[in-house]
Asks: 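What follows is a single structure, and I will ask about it in a moment.
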There are 2 protein chains.
Amino acid sequence: MPDFIIDNRLYYNPVEFVMDKIGGAYKMPILWRLKDKNCRYSELKKSLSHISDRMLSKSLKELEQYAFISKEIFAEVPVRTEYSITEKGQNCIPVIESLRNLGLEWMKNDDS
Amino acid sequence: MPDFIIDNRLYYNPVEFVMDKIGGAYKMPILWRLKDKNCRYSELKKSLSHISDRMLSKSLKELEQYAFISKEIFAEVPVRTEYSITEKGQNCIPVIESLRNLGLEWMKNDDS
DNA sequence: CGGAATCCGGAACGATACTG
DNA sequence: CAGTATCGTTCCGGATTCCG
């Protein structure tokens with residue numbers, strides 16, 4: 001298994017690469033929220049009720065940086081911002097769904 | 001999206017639960033190595049060339065704790081230990097493969 | 001409203017040395 | 001061979017504050 005250098009960072013395998021991009025506690029849940037509906041910052045914040053502003057802000061920025069989501073600002077008063085999922089983000093949904101199902105299965109069996 | 005309390009730990013969604021069990025930089029790669037071949041500690045160590053003993057040992061122990069892998073000790077001289085994947089672990093393989101493919105795709109397009 | 005910047009503690013992690 | 005113990009560092013993530 002070869003190593004990869006992407007964006008000046010070293011990865012040892014493709015899974016690690018994916019994890020770096022959409023891993024962690026929040027990114028996949030955010031993508032999941034956006035999969036069929038654009039959301040405003042405050043909607044996401046409410047939906048992921050436990051998340052801090054710092055982490056939501058940080059996660060959104062990183063997801064946007066790598067084009068998993070995009071952000072549109074409407075010059076209204078007050079300003080409105082909407083986040084939407086991109087095609088690249090949509091490509092992650094099946095995997096996230098599989099992960100979800102796996103988790104639901106484990107939880108059901110309570111053999112954690 | 002409800003919360004879950006499992007094993008005295010709070011999870012906010014199924015994905016987070018899965019990530020807690022097989023997330024991180026090493027666990028999925030380890031499962032991937034074991035998917036079609038039992039391995040000894042030193043084989044895994046060599047295969048994941050960069051991993052430290054500490055992390056390999058820790059990851060293996062946690063994977064075993066939650067029954068993703070099992071460990072068999074052969075009372076030979078010198079002692080031989082073999083790790084193998086369980087059915088629960090095998091159930092993760094399709095998801096890991098999807099993650100891998102996703103990563104390979106992203107890497108190919110170099111749009112990281 | 002929609003964030004960004006700063007500070008801070010604890011958990012995660014790596015390197016090294018050691019052991020049955 | 002298959003790990004464990006210890007130490008030092010890094011970094012994740014929470015709380016708080018501030019800004020346009």
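Values in this document were obtained by computation on a predicted structure and should not be read as measured data. Only heavy atoms go into these numbers, but all of them, side chains included; no hydrogens, no water, no symmetry mates. In the text below, chain A, chain B and the rest are named by the order of the sequence lines, each starting its count at 1.
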Asks: Just the rounded figure in Å: distance from P of dG13(D) to NZ of Lys58(A).
Replies: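 Rounding to the nearest Å, NZ of Lys58(A) and P of dG13(D) are 7 Å apart.
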
Asks: Please confirm whether the shortest side-chain N or O distance from Ser57(B) to OP1 or OP2 of dT4(D) is below 4.0 Å.
Replies: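 For Ser57(B), the contact criterion (side-chain N or O under 4.0 Å from OP1 or OP2 of dT4(D)) is met.
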
Asks: Answer yes when Glu43(B) and Lys37(B) have at least one side-chain N-carboxylate O distance shorter than 4.0 Å, and no when they do not.
Replies: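 Salt bridge present between Glu43(B) and Lys37(B).
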
Asks: Can a side chain N or O of Ser42(A) be found less than 4.0 Å away from OP1 or OP2 on dC1(C)?
Replies: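 No, outside the criterion.
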
Asks: Would you kindly give the CE-to-C1' distance between Met55(A) and dG3(C), to the nearest whole Å?
Replies: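 Those two atoms, CE and C1', are 15 Å apart.
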
Asks: Which whole-number value in Å describes the distance from Ile73(B) CD1 to dG20(C) P?
Replies: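 Ile73(B) atom CD1 is separated from dG20(C) atom P by 16 Å.
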
Asks: Which nucleotide in the list dC13(C), dG3(C), dC1(C) gets nearest to the side chain of Tyr83(A)?
Replies: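 That would be dG3(C).
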
Asks: Tell me the interatomic distance from Lys71(A), atom NZ, to dA4(C), atom P, rounded to whole angstroms.
Replies: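 Lys71(A) atom NZ is separated from dA4(C) atom P by 6 Å.
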
Asks: With a cut-off of less than 4.0 Å, is there a side-chain N or O of Arg40(A) near OP1 or OP2 of dG2(C)?
Replies: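 Answer is yes, contact under 4.0 Å.
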
Asks: Is Lys61(A) near enough to dA4(C) that one of its side-chain N or O atoms lies under 4.0 angstrom from OP1 or OP2?
Replies: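 It does, given that an N or O in the side chain of Lys61(A) lies less than 4.0 Å from OP1 or OP2 of dA4(C).
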
Asks: Looking at every heavy atom in both Ile22(A) and Lys27(A), which two are closest together, and how far apart are they?
Replies: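 Closest approach of Ile22(A) to Lys27(A), heavy atoms only: O-CB, 3.7 Å.
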
Asks: Quick one: Asp53(B) CG to dA12(C) P, roughly how many Å, whole number?
Replies: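 Whole-Å distance recorded here is 19 Å.
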
Asks: Assess whether one donor atom and one acceptor atom, taken from the side chain of Arg54(A) and the base of dT6(C), lie less than 3.5 Å apart.
Replies: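 Donor-acceptor pair under 3.5 Å: yes.
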
Asks: Out of Asp36(A), Ile85(A), Leu34(A), which residue meets the side-chain contact (heavy atoms from CB on, under 4.5 Å) rule with Gln90(A)?
Replies: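 When side-chain contact (heavy atoms from CB on, under 4.5 Å) is applied between Gln90(A) and each of Asp36(A), Ile85(A), Leu34(A), only Ile85(A) qualifies.
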
Asks: Can we call the ring centroids of Tyr26(A) and His50(A) under 6.0 Å apart?
Replies: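 Judged by ring-centre distance (under 6.0 Å), Tyr26(A) and His50(A) do meet the cut-off.
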
Asks: Just the rounded figure in Å: distance from P of dA2(D) to CG of Leu56(B).
Replies: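 So the two atoms are 10 Å apart, to the nearest Å.
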
Asks: Find the distance Leu48(B):CG to dG14(C):P and express it as a whole number of Å.
Replies: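 My rounded result for the distance is 12 Å.
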
Asks: Glu64(A) has an atom CD; how far is it from atom P of dA4(C), in whole Å?
Replies: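 Taking CD of Glu64(A) and P of dA4(C), I get 9 Å after rounding.
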
Asks: Is it true that Glu105(B) and Lys108(B) have a side-chain N and a carboxylate O under 4.0 angstrom from each other?
Replies: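 The answer is yes: the pair qualifies as a salt bridge.
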
Asks: Quick check for you: among dA2(D), dG14(D), dG3(C), whose closest atom lies nearest to any side-chain atom of Tyr26(A)?
Replies: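 Nearest nucleotide to the side chain: dG14(D).
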
